[in-house]
Protein chains: 2
Amino acid sequence: MEPRISIVTLGVADLERSFHFYRDGLKLPTTRSPENGIVFFQTNGITLALYPYQDLADDIGPGWNEPRSKFSGITLAHNVKERGEVDEILATAEAAGAHIVKPAADTFWGGYSGYFTDPDGYVWEVAWGAFEFNDDGSLHVT
Amino acid sequence: MEPRISIVTLGVADLERSFHFYRDGLKLPTTRSPENGIVFFQTNGITLALYPYQDLADDIGPGWNEPRSKFSGITLAHNVKERGEVDEILATAEAAGAHIVKPAADTFWGGYSGYFTDPDGYVWEVAWGAFEFNDDGSLHVT
């Protein structure tokens, strides 16, 4: 198995709503539209997919389409190279309809970060510090 | 906001157990160990992080450390270039302690895929078909 995560798929309650949040609000590039039944965004090195929650659960199999708890247990992080970008991106997300669940603040690990939730309550962290970047924009883990 | 997902963090019940599953079972590269309190894996274009569930919930803020439902609503996909790799990787995952929740089968979208869950029940799809690959191993979304 090569070390690769190809796609992160979010099961969403309203594909149209989530499509607009990610495409028009966060400006993620896509060539798809909700009419396709699934939306893919080409992000740096990984594909973000939006798919109706029920369809995603059904694709795994019987017994998976059950109510989701408030916290999925998973966070997605968008790391930035300049501290000031954290505030800018949280403001962009809020303007797009995100809920700021933790305003940007200094962190115990020496960085600066905040959290927002998307229209389904999935948790994103916007963070600066601690990491170096590879040339392709990915993090350099040492 | 640049189109970038930097990190996917899984909140885990037992950091040591998950560390061995991902490092020794799935062979993901890492320079960290559970003693650091968090583990990062350098995968293709994105960093996979393992962090204790309670710590992750507490980092977001009060009220997030609640029981997780069976389905997080999120799936991670590992896409492969050859159909036969799907079976190989599912076998590798099972040998590492994963639970195969959907054996590999032809899909309605013309591919071939199966699902497994990791030690915390997070859902991974191993899939072949439908996508072209970029030179860096990421998917080419058209």
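As a basis for the values below, the full set of heavy atoms in this structure was taken, side chains included, without hydrogen atoms, waters or symmetry mates. Please read these numbers as outputs of a predicted model, since none were measured by experiment.
For A:Tyr22, no part lies near chain B; criterion is any non-hydrogen pair under 4.5 Å. Contact annotation for B:Leu76: both backbone and side-chain heavy atoms come within less than 4.5 Å of a heavy atom of chain A. Proximity to chain B (any heavy atom under 4.5 Å) is shown, for A:Leu10, by both the backbone and the side chain. Only the side chain of A:Glu125 comes within contact range of chain B, judged by heavy atoms closer than 4.5 Å.
Ranked by non-hydrogen atom pairs under 4.5 Å with chain A, the options B:Ser72, B:Ser138, B:Ala127 are led by B:Ser72. Top candidate by heavy-atom pairs under 4.5 Å with chain A, chosen from B:Ala77, B:Gly61, B:Gly63, is B:Ala77. Comparing B:Gly45, B:Ser6, B:Gly11 by how many heavy-atom pairs each has under 4.5 Å with chain A, the most go to B:Ser6. Taking A:Asp120, A:Ile60, A:Ile89 one by one and counting their heavy-atom pairs under 4.5 Å with chain B, the maximum is reached by A:Ile60. Ranked by heavy-atom pairs under 4.5 Å with chain A, the list B:Glu66, B:Lys27, B:Arg32 is led by B:Glu66. Ranked by heavy-atom pairs under 4.5 Å with chain B, the first of A:Gln42, A:Lys102, A:His78 is A:His78. For chain B, the option among A:Thr92, A:Val12, A:Ile46 with the highest count of heavy-atom pairs below 4.5 Å is A:Ile46. Per-residue heavy-atom pair counts under 4.5 Å with chain A were compared for B:Val123, B:Asn134, B:Asn44, B:Thr75, and the maximum is reached by B:Thr75. Chain A forms the most heavy-atom pairs under 4.5 Å with one residue out of B:Leu26, B:Asp136, B:Thr9, B:Leu28, and that residue is B:Thr9.
Rounded to the nearest 0.5 Å, atoms CZ (B:Phe108) and CG (A:Asp59) are 6.0 Å apart. Taking CG of B:Leu139 as the start and CZ of A:Phe40 as the end, the distance is 8.5 Å to the nearest 0.5 Å. Atom OH of B:Tyr53 and atom CD1 of A:Ile74 lie 10.0 Å apart (nearest 0.5 Å).
In this structure, the side chain of B:Tyr122 engages the main chain of A:Gly73 through a donor-acceptor pair within 3.5 Å. One N or O on the side chain of A:Arg4 and one on the backbone of B:Asn79 form a donor-acceptor pair closer than 3.5 Å.
Ring geometry for A:Phe71 against B:Trp64 counts as perpendicular: the plane angle is over 60°, on a 0 to 90° scale with 30° as the lower cut.
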Audit row: A:Trp109, B:Ile38, side-chain contact (heavy atoms from CB on, under 4.5 Å) steps and yes/no: CA-CA 12 Å; A:Trp109 45 268; B:Ile38 189 167; over 6 Å; no
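Side-chain contact check for B:Ile5 versus A:Leu48: some heavy-atom pair is nearer than 4.5 Å.
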